Protein chains: 2
Amino acid sequence: MLGIEEHNHPGELEPVQRKSTAAIVADQLRSAIMFGSLPPGSQMGEAELATRLGVSRGPLREAMQRLVQEGLLHSEPHRGLFVATLDAADVRDLYTARLAVERSACEQIVRHHRVEAVAELSAAQARMVSAASKGDRVELTDADQEFHETLVRVSRSPRLQRMAQTLLVEKRMCLTALQDKYPADKQALVDEHRGLVDAIEAGDEQLLLARLTEHMNDALDRLNGSLPR
Amino acid sequence: MLGIEEHNHPGELEPVQRKSTAAIVADQLRSAIMFGSLPPGSQMGEAELATRLGVSRGPLREAMQRLVQEGLLHSEPHRGLFVATLDAADVRDLYTARLAVERSACEQIVRHHRVEAVAELSAAQARMVSAASKGDRVELTDADQEFHETLVRVSRSPRLQRMAQTLLVEKRMCLTALQDKYPADKQALVDEHRGLVDAIEAGDEQLLLARLTEHMNDALDRLNGSLPR
DNA sequence: GCGGGTAACATTGTCAACAATCGACCACCC
DNA sequence: GGGTGGTCGATTGTTGACAATGTTACCCGC
């Protein structure tokens, strides 16, 4: 769900994936921030959080340092840690950064992983169609997120993947905060993703990059329409 | 030096930048990794490191979690933390990621911050010229790094900046590991950077992106020439 | 009302001890 | 003899309590 787990064939036995508690706690906090359980700007009392998560302060602090590094929390020494707040400038920045990463991922895909990408992305896109037809907004957002996670994953670039994960969490956080006002022309959203898959399948790099840029601009406009300024 | 500090005009008084000890320790470790004091693959005994840095294990562990998140360390639970090792695939990946980030930074610069960028980048480029004429390889590498830090900084994108910082540390780590074998056609290196500044000054986005891509490819070739495979 | 001082509060940093896990080494049994 | 299983030492992971430090809010004199 969070993009780190691999897609394993069942039955294959691989080295069991063991995470440190700090990593688990970090994942939990990321989810909580993503889905708004920890609203932007809110302070994280570490004593309270520690008891609520059932761990002691040590691992919790380690986890929070990770999120600080990711930019999801910001620390004011001797005052506390706060969930990052996104203003309009941040949202713009977020989308230029996303464009930078996903554009590069697209190039890698078209050049080296086309067939695999089409297969996996089509599946994700199908989920979007199904969610849109059901009118389930949350599932549509999930599928959207999964689509972009997949896009970066099949580029087979660990660094792009790492960078994208943070950006997608921020994007989701943003969407969660605005989910009421988010108008969401569902059909347009689905179509845009379909267009991306088609361009990959056609192997047309220029078209793909143009559509991706367009997609990001549209998404940014949709968000900005909901923002105060 | 490490890219987070702002370039403040002297006399401007801003909120003092106070760092938590974890942040300081993280910076120290980053430098140590960058310059090879902690060679790739080496294990970090936390007891020893803690005493050597004069802090207790708590903040040290927090700092190391940050570096894990950055990908500079990788953790094997109950076994220890190890400095990441870069193979040929990693170096390739590193440069595609750098290209993604710096390309985007260049676009922002040409569109919004041209004059400022030319001023700051020219200064950095001048340092490269001076270092090259002196034949000082370390200073040349420093100036090179500063150039690219500046490039991303003047793009005024916090996220691009954050992503670039990690990538530049890895690049520097890579250069340090190979510094003996690195042939380094100094003149070509200097010329390429000059070409970037010129393209920015001319406002020619196409030319700039082409030159940046070329620059990355050249750098990658220089590195790959030194690598076993 | 305003500035300075003070005291309570919260958070951070530190420490020492305990539990869990791993790698190595060695005795043991088939 | 080769493999099995167990013990030992070392290191990591975790915990709770304590000290240090900065911040906030309040009170007082002017």
Side-chain angles (χ1 to χ4, degrees), chain A residues 4 13-30 32-33 38-85, chain B residues 4 13-33 37-85:
Chain A
I4 288 193
L13 53 115
E14 325 190 355
V16 47
Q17 171 146 333
R18 307 181 3 173
K19 298 192 201 173
S20 70
T21 2
I24 298 174
V25 172
D27 287 346
Q28 293 252 356
L29 291 180
R30 242 192 304 267
I33 293 174
L38 298 171
S42 65
Q43 182 173 8
M44 334 257 294
E46 45 182 73
E48 184 211 334
L49 262 185
T51 59
R52 243 176 42 190
L53 290 170
V55 297
S56 73
R57 277 178 55 211
L60 175 68
R61 286 174 59 96
E62 290 174 28
M64 297 208 291
Q65 290 300 322
R66 283 202 191 195
L67 300 188
V68 168
Q69 181 61 35
E70 288 183 47
L72 261 47
L73 300 181
H74 80 114
S75 123
E76 298 186 20
H78 292 110
R79 189 126 22 125
L81 289 143
F82 302 84
V83 180
T85 59
Chain B
I4 287 193
L13 48 111
E14 322 193 356
V16 238
Q17 178 139 328
R18 292 149 28 142
K19 297 191 201 175
S20 70
T21 36
I24 298 174
V25 172
D27 287 347
Q28 294 252 352
L29 291 180
R30 242 191 303 267
S31 298
I33 292 175
S37 313
L38 298 171
S42 65
Q43 181 173 7
M44 334 254 297
E46 42 183 73
E48 184 211 334
L49 262 185
T51 58
R52 240 174 47 187
L53 290 170
V55 297
S56 76
R57 279 178 61 205
L60 175 68
R61 286 176 60 94
E62 290 173 29
M64 297 208 291
Q65 291 300 322
R66 284 202 189 194
L67 300 188
V68 167
Q69 180 61 35
E70 287 183 50
L72 262 46
L73 301 180
H74 82 112
S75 119
E76 297 186 20
H78 292 284
R79 192 129 17 128
L81 289 143
F82 302 85
V83 180
T85 60

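This structure is a prediction, so every number in the text was calculated from the model and none was measured. Every chain is numbered from 1 and lettered A, B, ... according to where its sequence line falls, protein lines coming before strand lines.
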Problem - Name of the residue among B:Ile24, B:Leu60, B:Thr21 meeting side chain to side chain contact (heavy atoms under 4.5 Å, CB included) with B:Leu53 - result: B:Leu60
Determine all donor-acceptor pairs shorter than 3.5 Å in which one atom belongs to a side chain in residues 67-77 of chain B; sequence neighbours excluded.
{"from": "B:Gln69", "atom 1": "NE2", "to": "A:Glu70", "atom 2": "OE2", "distance (Å)": "3.2"}
{"from": "B:Glu70", "atom 1": "OE1", "to": "B:Arg30", "atom 2": "NH1", "distance (Å)": "3.1"}
{"from": "B:Glu70", "atom 1": "OE2", "to": "A:Gln69", "atom 2": "NE2", "distance (Å)": "3.2"}
{"from": "B:Glu70", "atom 1": "OE2", "to": "B:Arg30", "atom 2": "NH1", "distance (Å)": "2.2"}
{"from": "B:Glu76", "atom 1": "OE1", "to": "B:Arg79", "atom 2": "NH1", "distance (Å)": "3.3"}

Problem - Under 4.0 Å protein heavy-atom contact, by nucleotide of nucleotides 10-25 of chain C - B base, S sugar-phosphate only - result: -SBBBS-B---SSS--
Exercise for the section: Measure the CG-CG distance between B:Leu81 and B:Leu29 for me, rounded to the nearest 0.5 Å. Expected result: 10.5 Å
Problem - Main-chain N/O of B:Ile33 paired with B:Ser37 side-chain donor or acceptor, under 3.5 Å - result: no
Problem - CE on B:Met64 to CZ on A:Arg66, rounded to 0.5 Å - result: 11.5 Å
Handout entry: Interatomic distance, B:His78 atom NE2 to A:Ser20 atom OG [nearest 0.5 angstrom]
Key = 9.0 Å
Handout entry: Spacing of A:Gln43 atom CD and A:Glu48 atom CD [to the nearest 0.5 Å]
Key = 10.0 Å
Problem - Terminal axis angle for the helix from C:dG1-D:dC30 to C:dC30-D:dG1, five pairs an end, nearest 10 degrees - result: 10°
